[in-house]
Amino acid sequence: MRIATWNINGVKARIEGALTWLRETSPEVACFQEIKSLTEAFPREPFEDLGYNLAIHGQKGFNGVAILSKRPIDEVAVRGLPGDDGDAQARYIEALIPFGRGTVRVCNLYLPNGNPIGTEKFAYKLAWMKRLKAHLAGLLALEETFLVLGDFNVIPDPIDAKNPQAWVEDALFQPESRAAYRAILNLGLTDALRTCHPGPGIYTFWDYQAGAFQRDHGIRIDHILASPQAADLIANAGVDRFTRAWEKPSDHVPVWVELQERT
């Protein structure tokens, strides 16, 4: 079962690329971030025509997350990250999808960017990560098969950037951001992409400016974290880097994992 994540950077602006990618790679589950669309305004029909069921948590012009599944979506368990009833930003959705003899819980997130440092945006990022850690700790206690995946807006280690020094003043590479990410990972989650590709040169984002993609000045900020029950089933993982060379691309590329399905 292939489960993928992609910060699409505007579903309406990138719809042709999204549909082409789905046709070419055919993931059974695809998680989109930064759809920049209200739930009711999401262009459902072209995706449904490809056989996908949709669960959407949208917001006008900003943020927004969606789960597309070729299998029935048993339940949309969560819309919005628990822990702050006053947080209106559409950054988290969680669904249960049939898998083997049970289900896989797919937790799709768009973690706050946090820039500039020293502002309420950075404080919001760290508070959001604290809430995420608490929520995932609760899921781990259930001993379920689950993945938490999406745009984490965190560069975990220097190996995850072509030029780490270029990011030392950025919220994505601050010690506090990286420590919060490690604390989440250390709950007992497995970085699926690093499990399969431990070496350098694995990036998921290239800025639009200054020919970053042509010079391969990339960073790895899109991650797939697996619960112990899911980690045991990882068969492969990868990055669909080729989409970044397409016309009118997102600045992110898809990341995917394949789980062995036991019946």
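Nothing fancy with the numbering, it's 1 onward along the sequence.
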Student: Crowded around Glu40 CD? As in, over 12 foreign heavy atoms under 6.0 Å?
Tutor: yes

Student: Between Ile35 and Leu54, is there a shared hydrophobic cluster once you connect ILVMFWY residues whose side-chain heavy atoms come closer than 4.5 Å?
Tutor: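 Yes; tracing contacts between hydrophobic side chains, which count when under 4.5 Å, links both residues.
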
Student: If the test is side-chain contact (heavy atoms from CB on, under 4.5 Å), which one of Ile67, Val106, Leu139, Val76 qualifies with Glu94?
Tutor: Leu139

Student: Going from CG on Leu172 to CG on Asp151, what distance comes out if it is rounded to the nearest 0.5 angstrom?
Tutor: 8.0 Å

Student: Is the shortest heavy-atom distance from the side chain of Ile184 to the side chain of Leu189 under 4.5 Å?
Tutor: yes

Student: As an exercise, state the distance from CD of Glu48 to CG of Leu68, rounded to the nearest 0.5 Å.
Tutor: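 Rounded to the nearest 0.5 Å, the CD-CG separation comes out at 9.0 Å.
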
Student: Of all heavy-atom pairs between Gln229 and Thr145, which one has the smallest distance, and what is that distance?
Tutor: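 Shortest heavy-atom separation between Gln229 and Thr145 comes out as CB-OG1, 3.5 Å.
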
Student: Apply side-chain contact (heavy atoms from CB on, under 4.5 Å) to the pair Phe152 and Asp222, showing each step before the final yes or no.
Tutor: CA-CA 6 Å; Phe152 280 71; Asp222 303 87; over 6 Å; no

Student: Give a yes or no on whether Val168 and Ile117 share a hydrophobic cluster (residues Ile, Leu, Val, Met, Phe, Trp, Tyr; joining criterion: side-chain heavy atoms under 4.5 Å apart).
Tutor: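 Different clusters.
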
Student: Could you tell me whether the side chains of His252 and Glu34 share a donor-acceptor contact shorter than 3.5 Å?
Tutor: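 Per modelled atom types, His252 and Glu34 side chains form no pair under 3.5 Å.
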
Student: Just how far is it from atom CG of Leu111 to atom CG of Asn7, taken to the nearest 0.5 Å?
Tutor: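 So the gap between those two atoms works out to 12.0 Å.
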
Student: Donor-acceptor check, side chain of Asp207 to backbone of Gln209, threshold 3.5 angstrom: yes or no?
Tutor: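 Yes; at least one donor-acceptor contact below 3.5 Å.
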
Student: Just checking, any donor-acceptor pair under 3.5 angstrom between side chains of Asp251 and Trp206?
Tutor: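 No, Trp206 and Asp251 have no side-chain donor paired with an acceptor closer than 3.5 Å.
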
Student: Cut-off 3.5 Å, side chains only: do Glu144 and Ser227 have a donor facing an acceptor?
Tutor: no

Student: Indicate yes or no for a side-chain donor-acceptor contact from Thr39 to the backbone of Gly58 under 3.5 Å, with no hydrogens or angles considered.
Tutor: yes

Student: State whether a side-chain donor-acceptor pair under 3.5 Å links Ser250 with Asn9.
Tutor: no

Student: Under the criterion side-chain contact (heavy atoms from CB on, under 4.5 Å), I'd like the reasoning laid out for Val255 against Leu149: C-alpha separation, chi angles, the key distance, then a yes or no.
Tutor: CA-CA 9 Å; Val255 182; Leu149 69 171; over 6 Å; no

Student: Charged N to carboxylate O under 4.0 angstrom, Arg194 versus Asp160?
Tutor: yes

Student: Would you call Tyr208 and Phe213 a side-chain contact if the rule is heavy atoms closer than 4.5 Å?
Tutor: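 No; the side chains remain at least 4.5 Å from each other.
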
Student: Give the cluster check for Val253 versus Val29: same hydrophobic cluster or not, with ILVMFWY residues linked at side-chain heavy-atom distances below 4.5 Å.
Tutor: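 As far as the 4.5 Å side-chain criterion goes, Val29 and Val253 are connected within one cluster.
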
Student: Measure the shortest side-chain to side-chain distance between Ile224 and Ile3 over non-hydrogen atoms and say whether it is less than 4.5 angstrom.
Tutor: no

Student: Kindly check if the number of other-residue, nucleotide or ligand heavy atoms within 6.0 Å of CD (Glu24) is above 12?
Tutor: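 Counting other residues, nucleotides and ligands, CD of Glu24 exceeds 12 neighbours.
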
Student: Check whether any side-chain heavy atom of Trp256 sits under 4.5 Å from a side-chain heavy atom of Thr25, and report yes or no.
Tutor: no

Student: Checking side-chain polar atoms at under 3.5 Å, does Lys70 have a donor or acceptor matched by the opposite partner on Ser26?
Tutor: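 On atom types as modelled, these side chains qualify, holding a pair under 3.5 Å.
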
Student: In terms of side-chain heavy atoms, does Asn236 have a donor or acceptor partner in Glu258 at a distance below 3.5 Å?
Tutor: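 No donor-acceptor contact under 3.5 Å links the two side chains.
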
Student: How close do Val154 and Pro156 get, counting heavy atoms only, and between which atoms?
Tutor: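 Result for this residue pair: O-CD, 3.2 Å.
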
Student: For Asp85, is the CG atom crowded, meaning more than 12 foreign heavy atoms sit under 6.0 Å from it?
Tutor: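 No, CG of Asp85 has 12 or fewer neighbouring heavy atoms, counting only those of other groups under 6.0 Å.
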
Student: Can you tell me how far apart CD1 (Ile97) and CG (Asn53) are? Round to the nearest 0.5 Å.
Tutor: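 Interatomic distance, Ile97 CD1 to Asn53 CG, rounded to 0.5 Å: 9.0 Å.
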
Student: Inspect the contact between Arg241 and Asp216 and indicate whether a charged nitrogen and a carboxylate oxygen are less than 4.0 angstrom apart.
Tutor: yes

Student: Determine whether Val11 and Phe42 make a side-chain contact, defined as any pair of heavy atoms from C-beta on separated by less than 4.5 Å.
Tutor: yes

Student: Between Thr190 and Ala192, is there a donor-acceptor pair closer than 3.5 Å when you use the side chain of the first and the backbone of the second?
Tutor: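 Between the backbone of Ala192 and the side chain of Thr190 there is no qualifying donor-acceptor contact (under 3.5 Å).
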
Student: Going by ring-ring contact (aromatic ring centres under 6.0 Å, His included), name the residues that satisfy it together with Phe173, two or more places apart in sequence or in a different chain.
Tutor: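 Partners of Phe173 by the ring-ring contact (aromatic ring centres under 6.0 Å, His included) criterion come out as none, since no residue qualifies.
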
Student: Would Ile234 and Leu259 satisfy side-chain contact (heavy atoms from CB on, under 4.5 Å), going step by step from the backbone distance to the final call?
Tutor: CA-CA 5 Å; Ile234 293 173; Leu259 300 182; 3.9 Å; yes

Student: Would you say Gln33's side chain and Val65's backbone share a donor-acceptor pair under 3.5 angstrom?
Tutor: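 The answer is no, because no donor-acceptor pair under 3.5 Å joins these two groups.
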
Student: Specify the closest pair of heavy atoms between Trp21 and Pro27, including all atoms of both residues, with the distance to one decimal.
Tutor: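 Scanning both residues completely, I find the closest heavy atoms to be CH2-CG, 3.9 Å.
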
Student: Is the count of non-hydrogen atoms from other residues, nucleotides or ligands lying under 6.0 Å from Phe62 atom CZ greater than 12?
Tutor: no

Student: Please evaluate residues His217 and Tyr203 with respect to the criterion ring-ring contact (aromatic ring centres under 6.0 Å, His included), reporting the C-alpha separation (whole Å), side-chain torsions for both, the decisive distance (0.1 Å), and the verdict.
Tutor: CA-CA 9 Å; His217 279 196; Tyr203 309 128; 9.3 Å; no

Student: Work out which heavy atom in Pro164 is nearest to a heavy atom in Ala161; give both atom names and the distance.
Tutor: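 Taking Pro164 first and Ala161 second, the nearest heavy atoms are CD-O, 3.6 Å.
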
Student: Please find the pair of heavy atoms, one from Pro46 and one from Pro43, that lie closest to each other, and give the distance.
Tutor: CD-O, 3.2 Å

Student: At what distance, to the nearest 0.5 angstrom, does CG of Asn108 lie from CD1 of Ile56?
Tutor: 11.5 Å

Student: Do Pro254 and Thr5 come within less than 4.5 Å of each other through their side chains, counting heavy atoms only?
Tutor: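 Pro254 vs Thr5: side chains apart.
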
Student: Taking it one step at a time, do Met1 and Glu28 satisfy side-chain contact (heavy atoms from CB on, under 4.5 Å)?
Tutor: CA-CA 6 Å; Met1 184 182 191; Glu28 290 187 73; 3.8 Å; yes

Student: Is Thr103 reaching over with its side chain to a backbone N or O of Phe99, donor-acceptor style, under 3.5 angstrom?
Tutor: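 Judged by distance alone, no pair lies under 3.5 Å.
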
Student: Testing the 3.5 Å rule here: is there a donor-acceptor pair between the side chains of Asp87 and Tyr124?
Tutor: yes

Student: Any side-chain heavy atom of Ile202 within less than 4.5 Å of one from Leu193?
Tutor: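 With C-beta onward as the side chain, the pair touches.
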
Student: Measure the acute angle between the ring planes of Tyr181 and His223, then classify it against the limits of 30° and 60° as parallel, tilted or perpendicular.
Tutor: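 Tyr181 and His223: tilted rings.
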
Student: Do the side chains of Val104 and Phe32 join up, straight or via other hydrophobic residues, at under 4.5 Å, putting them in one cluster?
Tutor: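 Looking at the clustering, Phe32 is in a separate group from Val104.
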
Student: Rounded to the nearest 0.5 Å, how far apart are OG1 of Thr204 and CG of Asp240?
Tutor: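 The OG1 atom of Thr204 sits 12.0 Å away from the CG atom of Asp240.
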
Student: Would you call Glu16 and Arg23 a salt bridge, using N to O less than 4.0 angstrom?
Tutor: no

Student: Could you tell me whether the side chain of Cys31 reaches within less than 4.5 Å of the side chain of Trp6, counting heavy atoms only?
Tutor: no

Student: Checking Arg91 against Tyr110: charged group under 6.0 Å from the ring centre and within 45 degrees of the axis?
Tutor: yes

Student: Can you see which heavy atom on Arg105 is nearest to which on Ala77, and at what distance?
Tutor: NH1-CB, 3.6 Å

Student: What residue pairs, at least two apart or across chains, pass side chain to side chain donor-acceptor pair (under 3.5 Å) with a residue in residues 162-177?
Tutor: Asn115-Asp170

Student: Tell me whether Val78 is reachable from Leu140 by hopping between hydrophobic residues (I, L, V, M, F, W, Y) whose side-chain heavy atoms are closer than 4.5 Å.
Tutor: yes

